[in-house]
Amino acid sequence: MGNCIQNVSARASLVARGDTWIESDAIQQLIKTSELSGVIRAVGMPDLHPGRGYPIGAAFLSEGYIYPALVGNDIGCGMAVWSTDLAVHKIKLDKLEKQLGNIDQPLGDDWQEMVRKRQQDKQVMPGVFDSALGTIGGGNHFAELQMVDEVYMPEQLAAVNLSVKHLCLLVHSGSRGLGEQILRQHVDKYSHKGLDVGSDAFHEYVERHNHALRFAELNREFIARRLLSNLKTRGEMVLDVNHNLVEPYSLGSGWVHRKGATPAEQGMVMIPGSRGDYSYLVQARPSDTSLCSLAHGTGRKWIRSGCKARLSCKYTVEQMKRTELGGRVICGSRELMYEEAPQAYKSIDNVISAMSEAGLIDIVARFRPVLTYKTRGTQG
DNA sequence: ATGTAC
């Protein structure tokens with residue numbers, strides 16, 4: 001127990017336990033970013049880790065300026081949870097693995113009518129990045145079938161229509177090439193400087209950013225619809241929460257930048273561990289000390305470039321397709337197999353207990369990974 | 001992170 005929110009500088013604080021592993025480089029990035037012009041406060045979450053210039057797993061409150069470069073290229077990246085009608089007791093992993101199919105290619109002609117309809121519903125403009133809709137992308141993005149492992153608040157679990165009897169589907173992806181294009185075009189024109197709130201450039205960015213949020217939500221929706229269709233089951237979206245964005249601060253004035261930080265004002269959220277670890281459905285408690293934010297996952301422990309050397313001598317790719325919790329992994333990319341290995345990530349239990357002890361969450365249920373989809377890669 | 005840039 002004890003105080004899990006501590007100041008690390010005049011404007012920066014950290015949600016972590018004494019035994020939460022956080023690299024000093026990440027804390028230095030947090031402090032440096034908190035000193036940008038107009039930034040008032042920065043809060044690192046327990047999954048804080050170093051990024052390119054700015055740390056990942058943090059929220060930043062600014063006044064007078066916003067920083068598009070701080071949101072990054074994957075505008076609207078987030079977590080969606082869908083229910084399914086797949087009975088847990090009927091699971092056959094070999095069959096499930098085959099049935100899940102391949103969703104690496106653009107959606108086919110048979111999907112286009114629904115794509116047009118959902119684009120209209122969500123005011124997502126058709127464009128060159130439509131071919132990315134319904135695809136996961138790379139890096140830490142994934143889709144995962146999970147089962148309930150432990151229930152702490154049954155009535156809350158029932159409130160989102162999830163049950164111990166059926167698998168659920170977690171989708172982590174973002175705005176793909178669209179968000180990347182928005183950031184690149186923005187940086188080409190304005191560099192990494194802050195934008196004056198109210199300026200033409202500000203309005204232009206916010207409009208494109210908000211469109212990318214809707215595109216990212218639609219992408220996660222089609223990833224889920226496509227997998228449910230392959231599995232010949234039905235399901236509904238029960239949660240969809242963005243963790244890369246900038247928006248007006250709900251608990252005060254200014255703008256909050258979420259760089260891999262889950263909002264705490266939308267009720268329940270899913271916080272996943274690595275593919276070999278649990279995910280937690282939690283009820284968020286809005287709190288100003290945390291800038292109304294939570295961790296978005298568990299955070300890297302190893303840099304991507306170091307993973308293969310550490311793991312390839314110890315494990316074959318075939319061995320890595322099975323995880324300690326009994327899950328399976330579909331990942332045709334050798335590089336990704338190593339880069340996203342459970343060993344490369346921190347323990348989710350520590351991240352969750354840090355937030356719990358800081359009074360930021362109540363734990364609803366724990367989920368166990370069953371089948372993780374990354375990419376079929378070249379192996380069909 | 002990215003129908004990447006090297």
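Order of the sequence lines sets the chain letters (A, B, ...), proteins ahead of strands, with each chain counted from 1. Being a predicted model, the structure only gives us computed values, none of them experimental.
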When all nucleic acid strands are considered with a 4.0 Å heavy-atom cut-off, which category describes [X]: base, sugar-phosphate, or nothing?
X	result
A:R184	nothing
A:G72	nothing
A:G179	nothing

Measure [atom1]/[X] against [atom2]/[N] and give the value in whole Å, please.
X	N	atom1	atom2	answer
A:H186	B:dT2	NE2	P	20 Å
A:N244	B:dT2	CG	P	11 Å
A:H141	B:dG3	NE2	P	11 Å
A:D130	B:dG3	CG	P	13 Å
A:Q181	B:dA5	CD	P	12 Å
A:I182	B:dT2	CD1	C1'	13 Å
A:L107	B:dG3	CG	P	15 Å
A:E339	B:dT4	CD	P	16 Å

Please confirm whether A:R41 makes a cation-pi placement over A:F60, using NZ or CZ under 6.0 Å from the six-membered ring centre and within 45° of the ring normal.
-> no

For A:R304 and A:Y338, run side-chain contact (heavy atoms from CB on, under 4.5 Å): C-alpha distance rounded to whole Å, both residues' side-chain angles, the deciding distance at 0.1 Å, then the answer.
-> CA-CA 8 Å; A:R304 288 184 180 280; A:Y338 291 114; over 6 Å; no

Passes side-chain contact (heavy atoms from CB on, under 4.5 Å), A:V160 versus A:L281? Steps please.
-> CA-CA 10 Å; A:V160 286; A:L281 181 68; 4.2 Å; yes

Evaluate the ring planes of A:Y67 and A:H257, with Trp represented by its six-membered ring, and classify them as parallel (under 30°), tilted (30 to 60°) or perpendicular (over 60°).
-> tilted

